[in-house]
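Below is one structure, written out as structure tokens; the observations come after it.
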Amino acid sequence: MKLPLSYYSNQDVLFLAQDLLGKVLFTDIDDEVTAGIIVETEAYFGVLDKASHAYGGRRTNRTETLYSHGGVSYVYLCYGIHHLFNVVTSVKDEPHAVLIRAVEPLIGKNIMELRRNMSVDKAAISSGPGSAAKALGIDQSFNKKDLDGNEIWIEDHGIRYPSDDIIKAPRIGVAYAQEDALLPWRFFVKGNKYVSKPNTI
DNA sequence: AAACGGATTGGCT
DNA sequence: GCCAATCCGTTTC
């Protein structure tokens, strides 16, 4: 059930960003387990991607996590407020990553409701990367964790979406990446209410 | 040493 | 729809 680290060593981050749709992301914080079905992702294509923190081979304290082997979590603070969760993929020193932008609450819904102070019926509870991370209790302390451990991991529950139901679109909030902002490297499940806006083509 | 700005969100108009 | 919130990595002086 729990995806092994070898799963993340695939060097095709565009494949993994799509394959992660339908997988189930778990966290266990002081025995409070929550999980959500991944319904929206974005691929970040390592040193060649102007939208990536690792563009041009940039290596700093923050981006060092991206150079880990595949199957490590990369969590960083955005706008001083939001923790954004990524899955590092590929092999060591090749800094590809998949941003998890939305999940559909599956397990521990009452705990998510307390963390987000809203009903699980409201799409906003886990829609958008900052909200999804908060619903799952993910913060800076989850940075650089192996995804085959007991704090955060991903399982395959056999959920599959027809390829017609996987929408490809330009990534969100990366206008600074110039021409790379136009690449269709955002993937989401058609019609799922937890997908962030815009959720149509 | 200081300034800049972002892979966003939610509250108010 | 617009804008403030709020931190720290990164760039610039």
key: Step-by-step side-chain hydrogen bond (donor to acceptor under 3.5 Å, both in side chains) determination, A/D180 to A/Y55   = CA-CA 11 Å; A/D180 286 355; A/Y55 175 61; over 6 Å; no
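In this structure, A/E113 contributes its side chain and A/V120 its backbone to a donor-acceptor pair below 3.5 Å. A distance-only check finds no donor-acceptor pair linking the side chain of A/D146 to the backbone of A/D148 [under 3.5 Å]. Side-chain N or O atoms of A/R116 include one that pairs as donor or acceptor with a backbone N or O of A/I125 at under 3.5 Å. Within the 3.5 Å criterion, the main-chain N or O of A/A51 finds a donor-acceptor partner in the side chain of A/D49. At distances below 3.5 Å, not a single donor-acceptor pair connects side-chain atoms of A/T63 with backbone N or O atoms of A/A54. No side-chain donor-acceptor contact under 3.5 Å links A/S127 to the backbone of A/A124. For the pair A/K2 (side chain) and A/G149 (backbone), a donor-acceptor distance under 3.5 Å is present. Using modelled atom types, no side-chain atom of A/K109 and backbone atom of A/D121 make a donor-acceptor pair closer than 3.5 Å. For A/T41 (side chain) and A/A17 (main-chain N/O), a donor-acceptor pair under 3.5 Å exists by modelled atom type.
Contact of the A/F142 side chain with the A/E151 side chain is registered, since non-hydrogen atoms from C-beta on lie closer than 4.5 Å. Annotation: side chain of A/V75 is not in contact with side chain of A/D139 (no heavy-atom distance under 4.5 Å).
Between A/H83 atom NE2 and C/dA5 atom P the separation is 19 Å, expressed in whole Å. Atom-to-atom, NE2 of A/H82 to P of C/dA4 comes out at 15 Å; the value is rounded to the nearest Å.
For the residue pair A/Y161 and A/N192, no side-chain donor N or O sits within less than 3.5 Å of a side-chain acceptor on the partner.
Here the separation of B/dA7 from C/dG1, taken at their P atoms, is 23 Å to the nearest Å. Look at the P atom in both C/dC13 and B/dG5: the space between them is 12 Å, to the nearest Å.
Within the model, atoms NZ of A/K23 and NE2 of A/H157 stand 10.5 Å from one another, a figure rounded to the nearest 0.5 Å.
A salt bridge between A/E42 and A/R171 is absent, with no side-chain N of the basic residue lying under 4.0 Å from a carboxylate O of the acidic one.
Listed by residue number, the members of residues 120-138 of chain A with any heavy atom below 4.0 angstrom from DNA chain B are A/S127, A/G128, A/P129, A/G130, A/S131. Of the residues in residues 48-61 of chain A, those lying under 4.0 Å from DNA chain B by heavy-atom distance are A/A51, A/H53. Of the residues in residues 178-198 of chain A, none lies under 4.0 Å from DNA chain B by heavy-atom distance.
Two residues, A/I81 and A/Q140, neighbour DNA chain C, and the one matched to the more 5' nucleotide by heavy-atom proximity is A/I81.
Boundaries of the chain A contact region on DNA chain B are B/dG6 to B/dG10, first to last in 5' to 3' order (nucleotide atom under 4.0 Å from a heavy atom).
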inquiry  = For DNA chain B, please output the secondary structure as dot-bracket, reading 5' to 3'. Pairs are Watson-Crick or G-U wobble, both atom distances under 3.5 Å; mark crossing pairs with [ ], other-strand partners with |, unpaired with a dot.
reply    = ||||||.|||||.
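Here A/L99 lies in heavy-atom contact (under 4.0 Å) with a base. Residue A/R171 is out of contact with every strand shown, counting any heavy-atom pair closer than 4.0 Å.
A/E64 is linked by a salt bridge (charged side-chain N to carboxylate O under 4.0 Å, His left out) to A/R59, counting only residues two or more places apart in sequence or in another chain.
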